[in-house]
Amino acid sequence: MADQGNGSDERRRKADPAELGGVLARYRERPTMGKLGLTVVPVAAFLLFGGIPDSIPGTGHLVFDVICLLLCVWGVYELTHSLASWLILHEGGIVYRGRRKVRWAHHWEDFKDVVLSREATYVGPSSRPISYKIVARLWTATGQGARELSGNYFLTDVGAGSLRTFLRSPGNLTPMFAGIIDRVAEARVRHDLRELATEGGKVQYDHFELGGTYLHVKGAADEIPWDEVTRLTVDADQVAITVPHLRRRMEGLKLKADGRRENYRVGADNTLYIEDKGLSNCRKAIIWSVMSHIAESIDAEPR
């Protein structure tokens, strides 16, 4: 299961697979039962309700036959589309391609987040699911939405064609999700640090805008210059930034009585606490790593 992108803007932003380095693993897309059903069920319904008529059919029968035909053609297209699709993991990025063309390709740094979710399908009141899968959504930093990958829908390509891959494949894509998260986080951290090192460069993390010389909280009256920060610590569950006159700088924010708002808190000790509440493992790894580099830079500066 992999979305196809949209339009010419997507094609302009497609990465060149030749620039992504060596291949780490190849996966074949496995046709789903839904696509198989979309191919078989319309044919079965057509045959069950009369098949090819001996005489000119009525309007209702003709409409039914056309709908069955269209559904079957759509199912065959989706089925063959899956049988001729590969997901290829490179050292520098990821490619989803067909037999003749690349459908989409990205460098790892093109993604700003990877979110894993567990999805189960139930029939009726049954407490046991008939299907269970882990889905990874790789959110692009270029505003193209998410690339959605279901681990069960991609099988390790054994280089022996579709049928033999399905029969002999030693596993699916799911075990690779942890490695994908690590690669995206590492590449995105390198990208963001390069951006902060350039003149006028900045990065956006939800409510926080980081520049090479400042931190700004969305809606706050003033920026926090890094050279005025007296302490920046990165702990397992929060980042603490201490700066004089923090309350005055944070004027304009609608805070709760305890100084809290969503995933950050303005403390009475002139410290801004950024919490990991609501962050995915990937997003947290990116933000925490960038903050750690900034903390090292602040500690290295003479006071």
Side-chain angles (χ1 to χ4, degrees), residues 1-30 32 78 81-82 85-98 101-120 131-157 171-195 203-206 208 263 276 278-290:
M1 177 173 58
D3 60 325
Q4 302 303 304
N6 47 12
S8 59
D9 186 53
E10 164 64 17
R11 288 191 291 273
R12 286 197 299 271
R13 292 176 174 175
K14 189 185 298 180
D16 184 358
E19 300 175 352
L20 300 181
V23 174
L24 301 175
R26 289 170 58 93
Y27 295 86
R28 272 187 177 271
E29 184 173 342
R30 184 179 72 180
T32 64
E78 291 292 339
H81 183 279
S82 291
S85 296
W86 289 265
L87 188 74
I88 307 171
L89 306 184
H90 292 258
E91 293 174 352
I94 185 170
V95 178
Y96 178 64
R97 66 169 304 132
K101 68 176 183 178
V102 173
R103 299 193 174 108
W104 54 258
H106 292 283
H107 293 90
W108 294 121
E109 67 182 34
D110 292 342
F111 300 108
K112 64 179 181 180
D113 197 5
V114 182
V115 180
L116 300 184
S117 60
R118 292 173 172 81
E119 299 181 3
S131 68
Y132 179 83
K133 61 188 177 183
I134 298 179
V135 176
R137 291 177 176 86
L138 287 72
W139 290 92
T140 61
T142 51
Q144 298 166 236
R147 301 305 191 186
E148 189 173 294
L149 305 174
S150 174
N152 294 347
Y153 292 171
F154 290 92
L155 301 180
T156 304
D157 189 354
N172 59 35
L173 180 64
T174 302
M176 289 297 295
F177 284 158
I180 288 174
I181 290 174
D182 291 342
R183 287 183 178 274
V184 168
E186 292 169 3
R188 194 65 195 173
V189 168
R190 290 194 298 269
H191 170 275
D192 290 354
L193 291 177
R194 287 198 306 269
E195 185 68 21
V203 294
Q204 190 77 35
Y205 299 136
D206 300 322
F208 307 100
N263 66 334
D276 59 2
L279 294 177
S280 68
N281 291 338
C282 181
R283 195 66 171 160
K284 178 181 175 180
I286 295 170
I287 298 173
W288 262 232
S289 295
V290 171

So Tyr96 and Glu29, side-chain contact (heavy atoms from CB on, under 4.5 Å) or not? Walk me through it. CA-CA 10 Å; Tyr96 178 64; Glu29 184 173 342; 2.4 Å; yes
side-chain contact (heavy atoms from CB on, under 4.5 Å) between Asp192 and Tyr205, intermediate numbers included: CA-CA 11 Å; Asp192 290 354; Tyr205 299 136; 2.6 Å; yes
Worked verdict on Leu138 versus Ile180 for side-chain contact (heavy atoms from CB on, under 4.5 Å): CA-CA 9 Å; Leu138 287 72; Ile180 288 174; 4.2 Å; yes
Let's go through Tyr153 and Asn172 carefully: what are the C-alpha distance in whole Å and the side-chain angles of both, what is the deciding distance for side-chain hydrogen bond (donor to acceptor under 3.5 Å, both in side chains) to 0.1 Å, and is it a yes or a no? CA-CA 7 Å; Tyr153 292 171; Asn172 59 35; over 6 Å; no
Worked check of side-chain contact (heavy atoms from CB on, under 4.5 Å) between Asp276 and Trp288: CA-CA 9 Å; Asp276 59 2; Trp288 262 232; 4.0 Å; yes
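Put simply, the side chain of Thr140 reaches to within 4.5 Å of the side chain of His106, judged on heavy atoms. Put simply, the side chain of Asp206 reaches to within 4.5 Å of the side chain of Leu279, judged on heavy atoms. Between Val203 and Leu193, every side-chain heavy-atom pair lies at or beyond the 4.5 Å cut-off. Between Tyr27 and Leu155 there is no side-chain heavy-atom pair separated by less than 4.5 Å.
Under the 3.5 Å distance criterion, the side-chain polar atoms of His107 are left unmatched by any main-chain donor or acceptor of Gly93. Looking only at distances, no side-chain donor or acceptor of Ser150 sits under 3.5 Å from a matching main-chain atom of Val135. Judged by distance alone, the side chain of Glu186 and the main-chain N or O of Arg188 form no donor-acceptor pair under 3.5 Å. Between the side chain of Trp108 and the main chain of Ala185, no donor-acceptor pair closer than 3.5 Å is present. Judged by distance alone, the side chain of Arg118 and the main-chain N or O of Ile134 form no donor-acceptor pair under 3.5 Å.
Here Ile286 contributes atom CD1 and His191 contributes atom NE2; the two are 11.0 Å apart, rounded to the nearest 0.5 Å. Distance CD1/Ile94 to CG/Leu89: 5.0 Å, rounded to 0.5 Å. Rounding to the nearest 0.5 Å gives a distance of 5.5 Å between CG of Leu20 and NE2 of His90. Trp104 CH2 to Leu87 CG: the interatomic distance, rounded to the nearest 0.5 Å, is 5.5 Å. The line from NZ of Lys284 to OG of Ser289 is 10.5 Å long, rounded to the nearest 0.5 Å. Put simply, CH2 on Trp139 and NZ on Lys112 are 8.0 Å apart, with the number rounded to the nearest 0.5 Å.
In plain terms, the two heavy atoms of Cys282 and Ile181 that are nearest each other are CB-CG2, 3.7 Å. Residues Val189 and Ala285 share a closest heavy-atom pair of CG2-O, 4.3 Å.
Remark: Glu148 engages Arg137 in a salt bridge, criterion side-chain N to carboxylate O under 4.0 Å. Glu109 and Arg183 are not joined by a salt bridge, as no carboxylate oxygen comes within less than 4.0 angstrom of a charged side-chain nitrogen.
Remark: the Thr156 side chain and the Arg26 side chain contain no N/O donor-acceptor pair separated by less than 3.5 Å.
More than 12 heavy-atom neighbours from other residues, nucleotides or ligands sit within 6.0 angstrom of CG on Asn152.
Considering only residues two or more places apart in sequence or on other chains, Asp113 meets the salt bridge (Lys or Arg N to Asp or Glu O under 4.0 Å) condition with none of them.
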